[in-house]
Every structure is written in structure tokens, then in C-alpha cells.
Amino acid sequence: MLIWPASGKVPPEDLSWISKVQVNQPAVLRRAQQIQTRRPVKKQWQAAWLLKAVTCIDLTTLSGDDTFSNIQRLCHKAQYPIREDLLQALNMQDKGITTAAVCVYPARVGDAVKALKAAGCDIPVASVATGFPAGQTHLKTRLEEIRLAVEDGAREIDVVIDRSLVLTGRWEALYDEIREFRKACGDAHLKTILATGELGSLTNVYKASMIAMLAGSDFIKTSTGKETVNATFPVAIVMLRAIRDFFWKTGNKVGFKPAGGIRSAKDALTWLSLIKEELGTEWLTPELFRIGASSLLSDIERQIYHHVTGRYAAYHDFTMS
């Protein structure tokens, strides 16, 4: 997919080469079909992979009726994602299993930081920003939103891009925008949401992924979860290949975060398999792989309950997030 510039200039000094990139869509679709037909792991191996998935979840609430109390509950669930008796049965009670982060709206960052600090927990707070989910506000406003979230204690910022820059091929402008986001984040991690369901083509997904990484993103993320089409395997494959190409050319590892529509333990296992096959086991850590989800954790906990007890649990058997 990647055609690195032959001009002798190193990106981003020369972005003209990006127009030559093309994605082989039939090949991507064949690969996506292949990953979905993999036989799932079973028994203790499945339990181990599901616990790995838990440690990669950005436990998320992005609702208009969020309050301090439900943010507090979310933070408690992030700290104790799996029931203690189930962890004891798996001999994992002392492994410090938590979710990777708690993700909230900017106005709720302070609530999440306060709740986690009171619990003596070092789970990072991630904030969506830059006019999430549409990104249709003035750049000055979007940058200020980042700065305010960081001031309130967010250690990770999930930004949305201006999709029109991709759809009109304004790659230099997209690069400049994300560089501004990068500067506003300071020491906070920058996770750039591409909103792939609104980019028009897999080729645009690849180009936007590459620009986001060149501009300094620590992660590239599929979706806001608010689009009609969110995380799909074809777009994930394209983004993962872009990450791999970027690593081969620069030596820099960029993380990947699928989000939107990932609700079942089976889904989580498929995503973990895809990451392992495309990028290798070194990417299967919270530092380089996240799953954006709100309801996924509940199904994972039920599957672990079934593994331990041989019975299926009712919803009331587990604490609510």
C-alpha cells in the first residue's frame, strides 16, 4: 500500500506522495473474511485471552445523562472489572487486573479523576475532545477543549478529525490540524479518531492513518461509536497495515483502538487474534492496543463465570458499571 516519497525528502516535508497510495480492496475484504472464520480458543486459553482483553478496554460512558454517581460507578468497575471470587478460581487475584483507562466527556474528567484518586487507583482518565463526535467546531474551540481536559487531569485525549479534509484530499491541512492537537495535548497521549465510516473509501482510511501517525498520534482509532458504521474488520486491516508500514519505515510503534459495536467476548477474541496476526504479540498490551467499549466487559465477565462454574450467569449476578 505504501509508496514512500522518492524525492529524497522525508515526510511530512513532502506529502505529495500520499496521492499515489491505493488500497487493494478485494484483497482486504478476503483477509477480513478469513479472520472471521478462525476457530475460537477454548477453555483455559479462552479465559486467559479474555482477561488480556479486559486489560485493554477503555471503559467508556459518553451519555448525555452522565452524572458524578455513574462516573464513580464506572471508575469502580474499571478498578475491579472481574469478580474477586472468579479471579481467585483462576489464581489471578493478585495480578492487578484493571481496565486500561476510563473514557468520558471533557466535563466529566474531573469527576473521574476525583473518583479514581479517592480509590487510590492509577488508572488513566481519557477524554474525548475537539467537538466529539462530529468535529464541526472552530479549531480554536477544539484546541481549548483539549487544554481544559488536560488541566482537569486527563492523561489521554481521543480527538476527532475534520472529515472534510480527508474527503477533499487536503492532506497538508489534516497534518497541520493534528499537529496542533498534538501540541495542545502536552504530555497526554494523543489518540486520533478517524471516523472511518465517514471517510468514503479504504484508500482514504489508509491515507488518513498515515497522516495521523506522521503528525504525532500515539494511537489511531477507528470510530467515535456514534457513526452509522463503526469498527469493521476491513478498515481495521487497512489501519493495521498502515501502522506496520509506518513502523518499518520509521521504527516508531503507534497503537490501535477499535471502537463502536464491540459488545461480545467472541468479538474481543477475534480482535485480539487480528492484532496478533497483523502486528505480533508485542502489540497485545494496553500501551499499543485498546478496545473502546461500554458493554463488552459485562459479556466477558459472564463468559469467565461460565468457564469457572459451568453455568451461565444472570445479569443481576454482577455489579453494574
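Here the structure is a predicted model, which means the values were calculated and not measured.
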Starting at [atom1] of [X], measure out to [atom2] of [Y] and round the result to the nearest 0.5 Å.
{"X": "Q36", "Y": "T270", "atom1": "CD", "atom2": "OG1", "result": "7.5 Å"}
{"X": "L288", "Y": "K257", "atom1": "CG", "atom2": "NZ", "result": "14.0 Å"}
{"X": "L279", "Y": "R241", "atom1": "CG", "atom2": "CZ", "result": "9.5 Å"}
{"X": "F289", "Y": "T55", "atom1": "CZ", "atom2": "OG1", "result": "9.5 Å"}
{"X": "D66", "Y": "N70", "atom1": "CG", "atom2": "CG", "result": "4.5 Å"}
{"X": "I291", "Y": "I57", "atom1": "CD1", "atom2": "CD1", "result": "6.0 Å"}

Salt bridge or not for [X] and [Y], using N-O below 4.0 Å?
{"X": "R147", "Y": "E144", "value": "yes"}
{"X": "R142", "Y": "E180", "value": "no"}
{"X": "R83", "Y": "E301", "value": "no"}

Inset, instruction - Test side chain to side chain contact (heavy atoms under 4.5 Å, CB included) on V254 and F247 and set out the steps. - result: CA-CA 8 Å; V254 174; F247 174 64; over 6 Å; no
Just by modelled atom types, is the [Y] backbone N or O under 3.5 Å from a matching donor or acceptor in the [X] side chain?
{"X": "E177", "Y": "D162", "answer": "yes"}
{"X": "S201", "Y": "N204", "answer": "yes"}
{"X": "T222", "Y": "A259", "answer": "yes"}
{"X": "Q93", "Y": "E84", "answer": "no"}
{"X": "T250", "Y": "N252", "answer": "yes"}
{"X": "T130", "Y": "V160", "answer": "yes"}
{"X": "R290", "Y": "P286", "answer": "yes"}
{"X": "T141", "Y": "T137", "answer": "no"}
{"X": "T224", "Y": "K226", "answer": "yes"}
{"X": "K191", "Y": "E156", "answer": "no"}

In the structure I gave you, are the side-chain heavy atoms of [X] and [Y] within less than 4.5 Å of one another anywhere?
{"X": "T60", "Y": "L62", "result": "yes"}
{"X": "K249", "Y": "R244", "result": "no"}
{"X": "D111", "Y": "Q72", "result": "no"}
{"X": "S209", "Y": "L194", "result": "yes"}
{"X": "L90", "Y": "H307", "result": "yes"}
{"X": "R182", "Y": "D218", "result": "yes"}
{"X": "R31", "Y": "E278", "result": "yes"}
{"X": "H189", "Y": "F219", "result": "no"}

Under 4.5 Å between side-chain heavy atoms, hopping through other hydrophobics if needed: is there a path connecting [X] to [Y]?
{"X": "V54", "Y": "W45", "value": "yes"}
{"X": "V308", "Y": "Y312", "value": "no"}
{"X": "I193", "Y": "L296", "value": "no"}
{"X": "V125", "Y": "L148", "value": "no"}

Inset, instruction - Fit a plane to each ring of F132 and Y105, take the angle between them on a 0 to 90° scale, and name the class: parallel (under 30°), tilted (30 to 60°) or perpendicular (over 60°). - result: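 Geometry flag for Y105 against F132: perpendicular rings.
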What closest approach, in Å, do [X] and [Y] show between heavy atoms, and which atom pair accounts for it?
{"X": "A188", "Y": "A154", "answer": "CB-O, 4.0 Å"}
{"X": "A100", "Y": "I123", "answer": "O-CG2, 4.0 Å"}
{"X": "P106", "Y": "D152", "answer": "O-OD2, 4.3 Å"}
{"X": "A32", "Y": "F233", "answer": "CB-CB, 4.0 Å"}
{"X": "I146", "Y": "A129", "answer": "CG1-CB, 4.0 Å"}
{"X": "C103", "Y": "V128", "answer": "SG-CG1, 4.0 Å"}

Inset, instruction - Scan L165, I161, L214 and name whichever one has a side-chain contact (heavy atoms from CB on, under 4.5 Å) with I178. - result: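 Of L165, I161, L214, side-chain contact (heavy atoms from CB on, under 4.5 Å) with I178 is met by I161 alone.
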Inset, instruction - Could you tell me whether K276 sits above the aromatic face of W283, with NZ or CZ closer than 6.0 angstrom to the six-membered ring centre and within 45 degrees of the axis? - result: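 Not flagged: K276 not positioned over aromatic ring of W283.
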Legend entry - Cation-aromatic face contact K253/F246, 6.0 Å, 45 degrees: no
Inset, instruction - Please assess L59 against L74 for the test side chain to side chain contact (heavy atoms under 4.5 Å, CB included), listing each intermediate value before the final yes or no. - result: CA-CA 7 Å; L59 194 60; L74 188 81; 3.6 Å; yes
Inset, instruction - Please test R30 against Q33 for side chain to side chain donor-acceptor pair (under 3.5 Å), starting from the C-alpha separation and ending with a verdict. - result: CA-CA 5 Å; R30 285 196 299 272; Q33 182 64 33; over 6 Å; no
Inset, instruction - Give a yes or no on whether R179 atom CZ has more than 12 heavy-atom contacts from other residues, nucleotides or ligands under 6.0 Å away. - result: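 Yes, enclosed.
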Legend entry - CZ (R263) with more than 12 external heavy atoms under 6.0 Å: no
Inset, instruction - Starting from the C-alpha separation in whole Å, work towards a yes-or-no answer on side chain to side chain contact (heavy atoms under 4.5 Å, CB included) for L51 and M92. - result: CA-CA 9 Å; L51 290 178; M92 296 293 289; 3.9 Å; yes
Inset, instruction - Report the C-alpha distance between M210 and D245 in whole Å, list the side-chain angles of each, state the deciding distance to 0.1 Å, and finish with yes or no for side chain to side chain contact (heavy atoms under 4.5 Å, CB included). - result: CA-CA 9 Å; M210 191 60 66; D245 288 344; 4.3 Å; yes
Legend entry - Test applied, salt bridge (charged side-chain N to carboxylate O under 4.0 Å, His left out); reference residue, R155; option that passes from D122, D187, D58: D122
